[in-house]
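Below: the structure, in C-alpha cells.
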Amino acid sequence: MSTCAANDPGDATGSIQVPGGPGGTTTTSPTSSAPPAGSATAAPGELSVLVDDLHVTYRVPMAGGRRGGAPGAVWRMLHGERGAGTRTVRAVRGVSLMTRRGDVIGVIGRNGSGKSTLLRAIAGLLPPDAGRVYVRERPSLLGVDPGLMGDLSGERNIVLGCLAMGMSARQVRDAFAGIAEFAGLGEALDRPLRTYSTGMAQRLRFAITTAAPHEVLLIDEALATGDAEFRHRSARRLEEMRAEAGTVFLVSHSLAAIEESCGRAVWMEAGRVRMDGGVPEVLAAYRENEAHGG
Ligand SMILES: Nc1ncnc2c1ncn2[C@@H]1O[C@H](COP(=O)(O)OP(=O)(O)OP(=O)(O)O)[C@@H](O)[C@H]1O
C-alpha cells in the first residue's frame with residue numbers, strides 16, 4: 001500500500017484519485033464523461049483500483065426524535081418536541097483492497113453489509129468520510145451508466161446508451177446487432193423500456209454496458225433477475241472483459257453467479273472485509289458461516 005496518499009478526512013471530497021500521472025497522482029471528477037470505447041488497452045496485471053482504509057457514513061435526517069422505537073411523529077405529538085435529529089449509519093468501516101487489470105471480483109455478504117455502498121464509493125458517487133479510492137479511469141456502475149430512458153424503445157436506448165458511453169456513430173452501427181442479440185429481447189426491442197419487466201431491462205442494460213470496453217465495471221446485482229441461460233452468457237461476456245484487461249466487481253447474492261464468473265471473492269460483513277481470496281475458499285467459509293447462523 002506504499003503508493004497511497006495518507007488518509008485525510010478533511011480532504012475526502014469523493015473525487016477519484018488517478019495514480020500514474022507525471023506528478024504521482026492526479027484527480028478527476030466523478031461526474032466527468034465516460035471513457036471512450038476502445039480505451040481498455042493496458043496489459044493484464046497492472047494495478048487498476050486501490051481502496052485504502054475507506055470509511056463511508058450515511059447521515060439520515062430523522063423526522064422527529066425517536067425513543068425506544070416509538071414512531072418519531074407520534075413521539076413528537078405526545079411530547080411536543082420539534083427538533084429533528086440526525087442518525088448516522090457507518091456503512092463501510094475501513095475497507096482496503098487492491099485489484100489488477102483482468103480481475104473479476106465477486107462481492108458477497110448479508111443484506112446491509114455494505115456491498116452496494118462500497119461499489120458506489122468506488123464509482124465516485126458517495127464521498128468517503130476517510131480513506132481514498134484510487135482508480136486509473138472513472139469506473140462505470142451498471143445501472144447508472146448508461147442511464148436508459150423509459151419512454152424510448154429498447155432499440156433507441158441501445159443507440160443512445162452506446163453514444164452516452166462514448167462510442168462513435170460508426171461503432172454503434174457495428175455493435176448494434178450484437179447488442180440486440182445478446183439482450184435476446186426479440187420483438188420487445190420495439191417497445192418502450194417502461195413496458196419491460198425488471199429482468200428484461202437488466203438484460204438490456206447489461207448488453208449495452210458491456211458492449212464498450214471498461215477499465216473498471218461495477219455490477220450490482222444486475223444478474224440476479226436474469227434466468228440461468230442469461231447468467232451463462234453474462235459469465236462468458238465477463239470472461240471476455242477479463243481477457244480484455246478490464247476489472248469487474250460483481251455484487252451478488254447468487255453464489256452460483258459468483259462461482260461462474262469470478263476469480264476472486266470479497267466477503268463483506270458489517271461494513272468490513274471479513275475475507276478476501278480465491279472463490280472456492282471464500283465461498284466455502286461463507287457457506288459454513290451461514291449454515292451455523294453467522
Ligand atoms: N441511502 C442510505 N441512507 C442511509 N443508510 C443507508 C443508505 N443506503 C444504505 N444504507 C445503510 O448502509 C448499510 C449498508 O447498506 P448497503 O446497501 O451498502 O448494503 P448491501 O450489502 O449492499 O445490502 P443488500 O445485500 O441488502 O443490497 C445498511 O445499514 C443500510 O441500511
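First listed ligand is number 1; within each ligand, the first listed atom is number 1.
Looking from atom 9 (C) of ligand 1 to the surrounding protein, the closest heavy atom is Tyr58 CE1, 3.4 Å. What sits closest to atom 15 (O) of ligand 1 on the protein, heavy atoms only, is Thr117 OG1, 3.8 Å. Nearest protein heavy-atom contact of atom 17 (O) of ligand 1 is Ser116 CB, 3.8 Å. Among protein heavy atoms, the minimum distance from atom 21 (O) of ligand 1 is reached at Lys115 NZ, 2.7 Å. Atom 14 (C) of ligand 1 has as its closest protein heavy atom Gly112 O, 3.4 Å.
Side chain to side chain, Thr88 and Thr57 fail the donor-acceptor criterion of an N or O pair below 3.5 Å. Neither side chain, Arg205 nor Thr209, offers a donor N or O lying under 3.5 Å from an acceptor on the other. Side-chain atoms of Ser116 and Asp220 form a donor-acceptor pair, as typed in the model, at a separation below 3.5 Å.
Enclosure of atom CD in Glu187 is not indicated, since only 12 or fewer non-hydrogen atoms of other residues, nucleotides or ligands lie within 6.0 angstrom. Surrounding CD of Glu290 are more than 12 heavy atoms belonging to other residues, nucleotides or ligands, all under 6.0 Å away.
Ionic pairing of Glu240 and Arg237 is present here: one or more N-O contacts between side-chain nitrogen and carboxylate oxygen are shorter than 4.0 angstrom. In this structure, Glu215 does not pair ionically with Arg136, as no charged nitrogen and carboxylate oxygen lie closer than 4.0 Å.
Close approach to Ala91 involves these atoms of ligand 1, each under 4.0 Å from a residue heavy atom: 12 (O), 13 (C), 14 (C). Counting the atoms of ligand 1 from 1 in the order shown, those under 4.0 Å from a heavy atom of Val60 are 4 (C). Listed by number with element, the atoms of ligand 1 under 4.0 Å from a non-hydrogen atom of Gly114 are 14 (C), 18 (O), 19 (O), 20 (P), 21 (O). Taking a cut-off of under 4.0 Å to the non-hydrogen atoms of Asn111, the atoms of ligand 1 that pass are 23 (O), 24 (P), 25 (O), 26 (O). Interface of Ser113 with ligand 1, defined as ligand atoms under 4.0 Å from a residue heavy atom, comprises 19 (O), 20 (P), 21 (O). The distance from ligand 1 to the heavy atoms of Val89 drops below 4.0 Å at these ligand atoms: 11 (C), 12 (O), 29 (O).
Relative ring orientation between Phe182 and Phe230 is described as perpendicular, the plane-to-plane angle rising above 60° on a 0-90° scale split at 30° and 60°.
Formation of a donor-acceptor pair under 3.5 Å by the Gln171 side chain with backbone atoms of Ser168 is found in this model.
The shortest separation from a heavy atom of Arg110 to ligand 1 is under 4.0 Å, placing the residue in contact.
Counting heavy atoms under 4.0 Å from ligand 1, residue His253 touches it through the side chain alone.
Distance screen at 4.0 Å: atom 31 (O) of ligand 1 has no protein heavy-atom neighbour inside the cut-off. For atom 6 (C) of ligand 1, a protein non-hydrogen atom is found at a distance below 4.0 Å.
Here the side chains of Leu204 and Leu148 are in contact, with some heavy-atom distance below 4.5 Å.
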